[in-house]
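These notes are about the structure you will find just below.
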There are 2 protein chains.
Amino acid sequence: MVDENASNYTARKYRTPDGAPADIVIFTITTEILNRATKSLPKRELKVLLIKRKLWPYEGMWALPGGFSNDQESMYETARRELEEETGVNAVHMEYFNVYSKPGRDPRGWIISHAFFALVHEDYLVERKASDDAADVGLFTVSELGSKGLELAFDHQEVIGDALEQIRSKMLLTSIAKEFLPDEFTLSELYQVVQTVVPDFEEANFIRKMKSTQSRSGVLEQVLDAKGEPKKSNEFSQRAAQLYRFTGVMPRLSLYS
Amino acid sequence: MVDENASNYTARKYRTPDGAPADIVIFTITTEILNRATKSLPKRELKVLLIKRKLWPYEGMWALPGGFSNDQESMYETARRELEEETGVNAVHMEYFNVYSKPGRDPRGWIISHAFFALVHEDYLVERKASDDAADVGLFTVSELGSKGLELAFDHQEVIGDALEQIRSKMLLTSIAKEFLPDEFTLSELYQVVQTVVPDFEEANFIRKMKSTQSRSGVLEQVLDAKGEPKKSNEFSQRAAQLYRFTGVMPRLSLYS
DNA sequence: TGAATAGTGTCTCTGAGACAATATGCA
DNA sequence: TGCATATTGTCTCAGAGACACTATTCA
């Protein structure tokens, strides 16, 4: 209650919240090179970063990273700050997606939590894991965290479930797949990333469909090398595969067209 | 700070928020019957309900309806309560979409606002307008509220802009069009509603495309009458038009399929 | 040679897109 | 009769879907 014009303002005598934190669901995709007879695509898994709580409440349990907002920053800035503290990186994709405010959700009092999700390349998290208190940081697969899995602090199980729903939807409707890929990638890599996030996504003629530029309205483009020739990679295969990149063009999908 | 297990918990000595309100962007589509030579489609306009503030701050200015949450309810329940107070109805579509927390956004202090949008059929709002303090309730077209239009209290201009973006996206990706339509409607009505919300949506062969049930995967279905014959309406036209309804089926749209 | 990925060939059928033409029924 | 909406006819061409087939490279 700061403003000078507030002179006539009758202060509310109601209870006010005890805190407004931001919690962050940090997703990453781990890639594990397989030792096969010939070069092959890596094994990919979608994981969530959790930290082990050191304090009451839920001491010793796994929880989402997060922290309280202060009156000098927006909730988005709070989340950015916490994300940077946790991962050391700032320039990653992060979005707000929901608020959690059910009475009793936090034993410390009336605490309204604002949930974000972030998409981080695994390279950034490797450093974090290697730092001092590595035992208190964990990467968990989505299946480990399902309804029958590990029990989490607060309502964080629900939060992660909602976050998953969000990124599954966005994976198919936007180009967030690029957050998990290098700038240039093969269509098999892209297909693998989409399937890692949305397991029941299947598309028999995926490569062919993505190549027919006419229909895809230019979401992807072929990468050319310095000589203007199509640039290829044989990182994951014997036969070299064409490299692609996202153009930034986003078609407007619609039920009605 | 209520819980008994809090015995060891060191109370935070930081400032806490001064309030957590829910604000609601109530959209409706007004329909105006035109007096043409023959029966014709009505004129439709997308409007937002605002109320004139009676108290400091921003006294006398137009603002979104809303109010403070208390510690006995979730933010969603707060919004439902406010929506019912404002419109008298409860069973309408309402969704949470964003949080507004920029420092200084409210002269009363540190106040974090949670924004919802609701889609209400105009019939419900007619009653509200006809009630006692009608002068303090207004329906404004989206263009009146653009960046050059009426100045609103708080950051409500920005909130409405974000809400618009949301419902434009959802209008094309989900079946929220049904919130503005009767249970049974003609394809021209549907097309008009979509265009009212998303002005640059155009689809030359709209009717034909919607009829080809094979591709639309059954989002819509023809309404049949008691005898099993296709049910038609001539409310807006000389030649009777087939009635349709939403089935509830929602195809999964994707960039990659 | 076989493993593992990266494609192409070929076929059928549906739908998109454009636009003209016709249907309906009432003021 | 002409208006205003609703619908069908008629093209052509692109893409979807299925599945078999070929290409590439290396251990």
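Everything numeric in this text was worked out from a predicted model, so none of it was measured. We name chains A, B, ... by the order of the sequence lines, and we start the count at 1 in each one.
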Pairs meeting criterion side chain to side chain donor-acceptor pair (under 3.5 Å) with involvement of residues 169-181 of chain B, two or more places apart:
B:E95-B:K170, B:S175-B:K178

Given atom NZ of B:K43 and atom P of D:dA4, what is their separation to the nearest angstrom?
16 Å

Pairs involving residues 240-257 of chain A, ordered by first then second residue, that meet salt bridge (Lys or Arg N to Asp or Glu O under 4.0 Å) (sequence neighbours left out)
A:E184-A:R245, A:E221-A:R245, A:R252-B:D200

So how far is it from B:L41 CG to B:Q192 CD, rounded to the nearest 0.5 Å?
4.5 Å

Tell me whether the OP1 or OP2 atom of D:dG17 has a side-chain N or O from A:K209 closer than 4.0 Å.
yes

Could you state the CZ-P distance from A:F206 to D:dA18, rounded to the nearest angstrom?
16 Å

To the closest 0.5 Å, what do you measure between CD (B:E86) and CG (B:L64)?
10.5 Å

Is there a side-chain contact between B:L190 and B:L220 in this structure, where contact means two heavy atoms from C-beta onward sitting under 4.5 Å apart?
yes

Is there a donor N/O on one and an acceptor N/O on the other, under 3.5 Å, for the side chain of A:R208 and the base of D:dG15?
no

Using heavy atoms and a sub-4.0 Å distance, could you list which residues of residues 236-245 of chain B are near DNA chain D? By number, please.
B:F236, B:S237, B:Q238, B:R239, B:A240, B:A241, B:Q242

Does any pair with a residue in residues 155-178 of chain A pass ring pair (Phe, Tyr, Trp, His ring centres under 6.0 Å), and if so which ones, sequence neighbours excluded?
A:F154-A:H156

Which atom of A:I24 lies closest to which atom of A:A118, heavy atoms considered:
CG2-CB, 4.1 Å

In whole angstroms, how far is the C1' atom of C:dA3 from the CG atom of A:N35?
14 Å

What nucleic acid atoms does A:T38 come within less than 4.0 Å of, heavy atoms only: base, sugar-phosphate, or nothing?
base

Nearest-nucleotide check on DNA chain C, A:S40 vs B:N234; residue mapping nearer the 5' end is A:S40

Please tell me which of the listed nucleotides, C:dG7, C:dA3, D:dT8, lies nearest to the side chain of B:K211?
D:dT8

Considering every strand and a 4.0 Å limit on heavy-atom distances, what is the contact class for B:L187: base, sugar-phosphate, or nothing?
nothing

Listed nucleotide nearest any side-chain atom of B:N205, set C:dC19, D:dT7, D:dT5:
C:dC19

Drop me the distance from A:L46's CG to A:L139's CG, to the nearest 0.5 angstrom.
10.5 Å

Could you state the atom-to-atom distance from CD1 of B:I207 to P of D:dA4 in whole Å?
17 Å

To the nearest Å, give me how far apart CD (A:E235) and C1' (C:dA4) are.
15 Å

Going by salt bridge (Lys or Arg N to Asp or Glu O under 4.0 Å), name the pairs with one or both residues in residues 37-47 of chain B, residues two or more places apart or in two chains.
B:R44-B:E189, B:E45-B:K47

Residues of residues 189-203 of chain A with any non-hydrogen atom less than 4.0 angstrom from an atom of DNA chain D: list those, numerically ordered, please.
A:E203

